[in-house]
2 protein chains.
Amino acid sequence: MTVTIYDVAREAKVSMATVSRVLNGNPNVKPETRKKVKDVIDRLNYRPNAVARGLASKKTTTVGVIIPDISDLYYSALARGLEDVAEMYNYQIIITNTDQDSQKEENAFLNLVSKQVDGIIFLGGKLSGKVREDIERANIPVVICGSGQDAIEVPSVNINYYEAAKEIASKFIADDTKHLGFVTGGYSRYQENLMLEGMKAAFSDAGLNGDDYIMLEEARDYDSGRDIFPKLIDNNRDAVIVVSDEAAIGILHGGHDHGVAMPQRLQIVSCSNTRLVTMVRPKISSISVPLYDIGAVGMRLLTKLMNEEKVDSSVVELPYSVEYRTTTR
Amino acid sequence: MTVTIYDVAREAKVSMATVSRVLNGNPNVKPETRKKVKDVIDRLNYRPNAVARGLASKKTTTVGVIIPDISDLYYSALARGLEDVAEMYNYQIIITNTDQDSQKEENAFLNLVSKQVDGIIFLGGKLSGKVREDIERANIPVVICGSGQDAIEVPSVNINYYEAAKEIASKFIADDTKHLGFVTGGYSRYQENLMLEGMKAAFSDAGLNGDDYIMLEEARDYDSGRDIFPKLIDNNRDAVIVVSDEAAIGILHGGHDHGVAMPQRLQIVSCSNTRLVTMVRPKISSISVPLYDIGAVGMRLLTKLMNEEKVDSSVVELPYSVEYRTTTR
DNA sequence: CTGAAAGCGCTAACAC
DNA sequence: GTGTTAGCGCTTTCAG
């Protein structure tokens with residue numbers, strides 16, 4: 001039925017070994033036999049069975065991607081970057097959504113290992129203790145993209161959210177805009193904590209105690225953003241730093257709906273840098289996180305790891321800037 | 001190094017066959033031996049090698065997804081629906097982005113077949129003649145989601161865009177809003193043509209010739225939407241039907257930037273129903289395409305096909321409605 | 001430069 | 001119920 005390497009060998013009057021060699025670009029094949037084999041391959045329309053190949057070679061040219069939610073613009077931008085470089089290096093990608101559920105994360109990881117993927121990329125995610133153990137045990141290259149992880153020896157790529165948050169807070173403080181709200185999204189506790197520390201450092205530099213000025217809230221999507229708007233105003237916030245772009249837009253429209261002038265009354269800076277930030281009016285000021293690049297660089301790092309090339313630094317920090325648009329004064 | 005079925009068999013003092021049986025839930029195993037085997041599996045922390053399994057059983061529990069761009073909200077919503085039901089049925093998903101490039105589509109398809117996926121889902125895409133031949137030859141279940149395809153015998157799931165477009169146009173005509181713009185996105189020519197036919201039918205029903213009233217434009221993203229706004233006004237459009245949500249928002253903001261009152265001067269209806277439509281002000285009227293469901297139903301259909309269950313109808317049309325929000329009067 | 005043969009880790013008849 | 005035995009389609013020594 002389906003044509004195998006054996007059929008090709010027979011037709012070309014060579015051994016399977018030789019066919020295998022031309023398939024894999026092994027130079028130890030006389031040009032003429034190579035041509036002969038290639039002709040037969042074309043004629044028979046032969047395509048090697050990647051599964052058999054994987055079993056024999058212990059390499060599947062497949063990498064697993066564990067992602068909270070592919071329909072979240074933040075993650076899908078990362079995923080796109082990652083997939084593009086995977087394609088360059090001839091890797092396929094198996095994607096699993098976890099909704100940040102630890103159990104799902106572990107299942108996904110174990111499934112991927114069963115499938116003998118050559119490497120795994122985590123986007124966001126919590127990496128519970130169990131998963132960490134599994135990583136340890138599986139002995140397979142893993143890299144984390146776009147999500148801080150607490151004291152873990154896994155290679156990762158991200159921007160420095162501590163510095164970014166500190167920079168934003170400092171600017172606000174300098175403008176005498178001190179009553180800040182920090183609206184977390186529950187994406188990565190570790191990272192959100194880092195940002196909070198950054199803001200506190202900014203207050204500290206100004207001789208102030210951040211705890212007296214920073215109010216914490218949580219909103220991840222548009223609706224919850226809109227819902228917390230009144231609370232922000234009631235608590236006299238001058239500005240908010242919002243992790244989730246959708247929540248930021250929700251807050252913005254909360255202002256719109258309540259007839260509150262923005263950014264006069266409340267300034268907003270969001271932190272995810274999805275396409276959304278410039279697709280609303282007023283445009284939202286935000287950290288320019290290089291999402292696509294984080295994914296791309298992460299995958300590049302993984303290819304190196306899978307290839308056992310040495311890597312200069314396994315935790316890479318990409319540059320960012322803060323774009324002040326029209327939700328800030 | 002890694003523990004295999006053979007190790008489990010030895011430790012449990014049974015044959016590999018028996019281990020395989022408990023692994024696959026084969027009922028022909030005495031409960032006590034089943035327990036014995038399971039204990040050893042746990043103790044050894046054994047996990048079957050899915051690649052070996054795939055080779056032996058000719059089933060990989062993996063399905064391929066060919067998608068224009070995962071970072072496009074329209075497609076990622078479909079993908080999420082699809083992935084959720086894939087997970088329910090214990091399938092993993094290999095995703096490939098094609099940017100609607102025929103060559104990439106064909107490569108992706110062939111790669112997926114090499115990997116012995118059990119089925120393939122196309123989201124959007126052009127399905128050039130070559131790919132159609134490949135589908136024919138590969139003899140593997142394929143379903144197309146969220147994209148019309150011209151005269152092709154491949155199972156698919158979508159909504160009836162012809163009727164939707166006709167309904168919208170009829171409403172406009174009845175309101176004496178006859179100078180329509182149709183802003184295509186280049187997603188699926190076939191489908192966009194279908195919509196155009198639908199609009200023409202609406203004019204025809206009103207005793208009018210659609211060609212005299214409908215102006216065609218193309219814009220796929222936010223910026224091009226904004227860019228074509230002046231042209232729409234210069235050509236005296238009363239309303240536009242826009243395939244891409246992002247383009248629709250672009251047009252909306254084009255109006256904003258030019259100080260043109262919307263929807264008084266120009267009404268907008270968009271057709272992709274991504275989350276974006278309710279995340280701008282004014283909220284955009286749109287066809288309520290059940291994106292998630294299209295993906296979910298498509299994957300469910302594929303599981304049936306892969307399982308060789310019989311299927312009532314291989315082209316399924318999901319219900320939709322038209323939501324008139326605040327970009328229409 | 002090429003071929004023979006031994007697996008890779010598992011499933012699936014087929015016996016018993 | 002359980003074990004034996006062939007493969008699945010390929011890569012990879014090892015000879016020559």
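Heavy-atom basis, side chains included; hydrogens, waters and symmetry copies ignored. Convention: sequence-line order gives letters A, B, ...; per-chain numbering from 1. Being a predicted model, the structure only gives us computed values, none of them experimental.
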Give a yes or no on this: more than 12 heavy atoms of other residues, nucleotides or ligands lie within 6.0 Å of atom NZ of B/K38.
no
Quick one: list whatever passes side-chain hydrogen bond (donor to acceptor under 3.5 Å, both in side chains) with B/D39, sequence neighbours left out.
B/K35
Does A/D293 have any side-chain hydrogen bond (donor to acceptor under 3.5 Å, both in side chains) partners at least two apart in sequence or in another chain, and if so, which?
none
Looking only at the side chains, is there a donor atom on one of A/Q191 and A/N158 sitting less than 3.5 Å from an acceptor on the other?
yes
Any side-chain N or O of B/Y46 below 4.0 angstrom from OP1/OP2 of C/dC10?
yes
B/T33 side chain near D/dT2 phosphate (N/O to OP1/OP2, under 4.0 Å):
yes
Whole-Å distance between C/dG7 C1' and A/K58 NZ?
10 Å
Can you check whether B/S20 has a side-chain N or O nearer than 4.0 Å to OP1 or OP2 of C/dT11?
yes
Check whether any side-chain nitrogen or oxygen of B/N49 sits under 4.0 Å from OP1 or OP2 of C/dC8, and answer yes or no.
no
Are A/S15 and C/dG3 close enough that a side-chain N or O sits under 4.0 Å from OP1 or OP2?
yes
Measure all distances between protein nitrogen or oxygen atoms and nitrogen or oxygen atoms of nucleotides 14-16 of chain D, and list the pairs falling under 3.5 Å.
none

Checking B/E309 now: which residues fulfil side-chain hydrogen bond (donor to acceptor under 3.5 Å, both in side chains) with it, not counting sequence neighbours?
B/N307
Please tell me if B/R53 has a side-chain N or O lying less than 4.0 Å from either OP1 or OP2 of C/dG9.
no
Counting only side-chain nitrogens and oxygens, does A/S57 get under 4.0 Å of the OP1 or OP2 atom of D/dC10?
no
Bending between helix ends of the helix from C/dC1-D/dG16 to C/dC16-D/dG1 [5 pairs per end, 10° resolution]:
30°
Taken in chain and number order and not counting sequence neighbours, the residues that satisfy side-chain hydrogen bond (donor to acceptor under 3.5 Å, both in side chains) with A/D84 are A/R80, A/Y292
Does B/I66 reach the side chain of B/I121, with side-chain heavy atoms less than 4.5 Å apart?
no
Name the orientation class of the two ring planes belonging to B/F109 and B/F122 (parallel below 30°, tilted from 30 to 60°, perpendicular beyond 60°).
parallel
In Å, rounded to the nearest 0.5 Å, how long is the span from CD1 of B/I5 to OG1 of B/T18?
9.5 Å
